[in-house]
Amino acid sequence: MTLSLGSVSVDLDPLRCYYQIHGLGAAPDQLAEVVLQRALPRFLDVFARFGLRATLFVVGSDALDGSVGRPLLRQAAQLGHELGNHSFGHPYELSRLSESAIVDELRACEQVLDELRGQPGKVCGFRAPGYELSPALLRALSQLGFRYDSSVFPCPPYYLAKLLVLAKLRLSGRQSASIIGSPWQQLAPMQPYRPALDNPNRTGSAPLIELPVAVTKYLRLPAIGTSLLLSAPLRHVLLAAMLRQPFFNLELHGIDLIDAQLDGIPSELVARQPDLQVPLWQKQKALVEILRFLTDHAQVLPLAEVAMHFAQTGL
Ligand SMILES: [Zn+2]
């Protein structure tokens, strides 16, 4: 099977999430809206250039009335981009909360998205903070009528890197908000599947479809913004390998189009986040190359339409 279908999604994590991951304490107030204010318009510009409709995974608490991001996200929805649920407060431990606490998180975000989409009750897709899915979270999504989940990232190299980073942080006496989930997720299917309700990493008969984040065939290397934007040689290897996967679920993060200098990012965060050490123009140039590759080889659709396509083909 060769590449024929693609999607582009952006997790709009605010910068406070990166402060939490690196155990840096609370983020300065002036950084609260930087991702939505600065990076989101840059993404919308490049998507318009390619005429593609993307999926934007929104943290609900960032898009409340009066926020800078709210009108931008509403505009994105009007342009045909899909607004997906990335929880209300982006708790990294979401998958470990009680089922009722999970439902509250999902509902609170969905309420904000309802207002932004202008289509009340159109519950559709979800991505978990930190890619961590659990049976309780999958059950909550099913119960609320979600059509797809896109949280599984079956990538052993990423998992090992995360273990190392967290171990290093612990040795230095700092505490990360990030959690380590089931190692079995690393062996989950790499292409869309219907998960089992009691085990999201296996195939089964859940009412929703799982759309895993892209990894290459065999080695399961990460084909996400973080790895694709960093170095040209690595990008070329990863993109060439993705030609062997029928569906390329390209995941990006809001921070991918942030410039440390232009956007006033404090050096304490820049020092720990390698993608912030690359200038914006370089990342924009790389993103154009990636999107050109994707649109040249695949039909690119928002994830909701990808899920519908797989549901219709009998998955
Ligand atoms: Zn996130």
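Remember, it's 1-based here, ligands and their atoms both numbered in the order they're listed. In this text the structure is predicted, and so the values were computed from the model without any measurement.
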Ring geometry between H86 and H90 (parallel below 30°, tilted from 30 to 60°, perpendicular above 60°): perpendicular
Taking the Zn ion (ligand 1) as the vertex, measure the angle between atom NE2 in H86 and atom NE2 in H90; round to 10°. 100°
Run R235 and E289 through salt bridge (Lys or Arg N to Asp or Glu O under 4.0 Å) and show every step you take. CA-CA 10 Å; R235 175 163 64 252; E289 193 187 315; 3.4 Å; yes
Do the side chains of F57 and N85 get nearer than 4.5 Å, heavy atoms only? no
Measure from the Zn ion (ligand 1) to each N, O or S atom of C17 and report whether any distance is below 2.8 Å. no
Salt bridge R117-E82, side-chain N to carboxylate O under 4.0 Å: no
Backbone or side-chain N/O/S of D13 under 2.8 Å of the Zn ion (ligand 1): yes
